[in-house]
Every structure is written in structure tokens, then in C-alpha cells.
Amino acid sequence: MKRSWEANASAEFHHRLGRSPAELEITGGRDGCPDIWQLDNGDIAVIGRDMTHAYAHRLPTDVVLAEDERLVVLPAATLSSAKPDIPDARP
């Protein structure tokens, strides 16, 4: 089955969505920095903890992870702080 979207590995980080991990006080230095960034092509990059193996056997029936996909978990504060920066849905 052909996918309709593919990640563009040449896209660059454009700007952070929300506050930095340091501002949110959810990091102990430079290690373990969950973050959300908009790339210069409009796509979103999420940096979080890879929990693919922990959730693989209990995914909802309509959720499928491709071989090259990972389930990533990030603190709620990271997404909440990004809410004002996330563009509205386009029709």
C-alpha cells in the first residue's frame, strides 16, 4: 500500500512550538528534552520518549504503526504550552 505522505529528511527546524523544556522545568539539563518543532516545510517534529514496545500490544484496533514509525510520549505540559502556536486546521 502506497502512503500519501512521506517525511522529508531535508526539512530544517524552523521554530519551536510552545516553551522550551527548560522553561517548563521538565528536563534535568540537556538530556531528556521533550520538544515540539515546526519544520521549514510546515511539518511537525516531536521529540519524546520512544514507548513503541511498551504500547505495541495494547494499541487501539484502528491504530497501526508502520515499520519505520515509533510511538512517542511527551509530557502534557509540552503539548499544552504549544497549543497557542499550533496553526488552525486547514479545510
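- When all heavy atoms of His57 and His53 are compared, the closest pair comes out as ND1-O, 4.3 Å.
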TODO: Please assess Asp85 against Lys83 for the test side-chain contact (heavy atoms from CB on, under 4.5 Å), listing each intermediate value before the final yes or no.
DONE: CA-CA 5 Å; Asp85 298 333; Lys83 186 176 179 180; over 6 Å; no
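- Thr52 places a side-chain N or O within 3.5 Å of a backbone atom of Leu71 that can act as its donor or acceptor partner.
- Shortest non-hydrogen contact noted between Val72 and Gly48 is CG1-CA, 3.2 Å.
- Distance alone, capped at 3.5 Å, places no donor-acceptor pair between the Asp35 side chain and the Ile47 backbone.
- Remark: Asn8 CG to Glu6 CD distance equals 10.5 Å, nearest 0.5 Å.
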TODO: Carefully, step by step, assess Val46 and Thr78 under the rule side-chain contact (heavy atoms from CB on, under 4.5 Å).
DONE: CA-CA 10 Å; Val46 176; Thr78 301; over 6 Å; no
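- A 4.5 Å side-chain heavy-atom check between Pro75 and Leu24 finds every atom pair outside the cut-off.
- From Arg70, atom CZ reaches atom CG of Asp68 across 7.5 Å, with rounding to the nearest 0.5 Å.
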Open item on the list: Quick one, Tyr55 with Val73, criterion side-chain contact (heavy atoms from CB on, under 4.5 Å). Give me CA distance, side-chain angles, the key distance, then yes/no.
Closed with: CA-CA 10 Å; Tyr55 283 92; Val73 174; 4.1 Å; yes
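- Between atom OG of residue Ser10 and atom CG of residue Asp40 there is a gap of 7.5 Å, rounded to the nearest 0.5 Å.
- To the nearest 0.5 Å, atom CD of residue Gln38 and atom NE2 of residue His14 are 6.5 Å apart.
- Note that CZ of Arg19 and CD1 of Ile36 are 12.5 Å apart. Values are rounded to the nearest 0.5 Å.
- In this structure, the side chains of Trp37 and Ile44 stay at 4.5 Å or more apart for every pair of heavy atoms.
- Inter-residue side-chain proximity for Pro21 and Arg16 is flagged as met; some heavy-atom pair is nearer than 4.5 Å.
- A heavy-atom distance below 4.5 Å is found between the side chains of Leu79 and Ile86.
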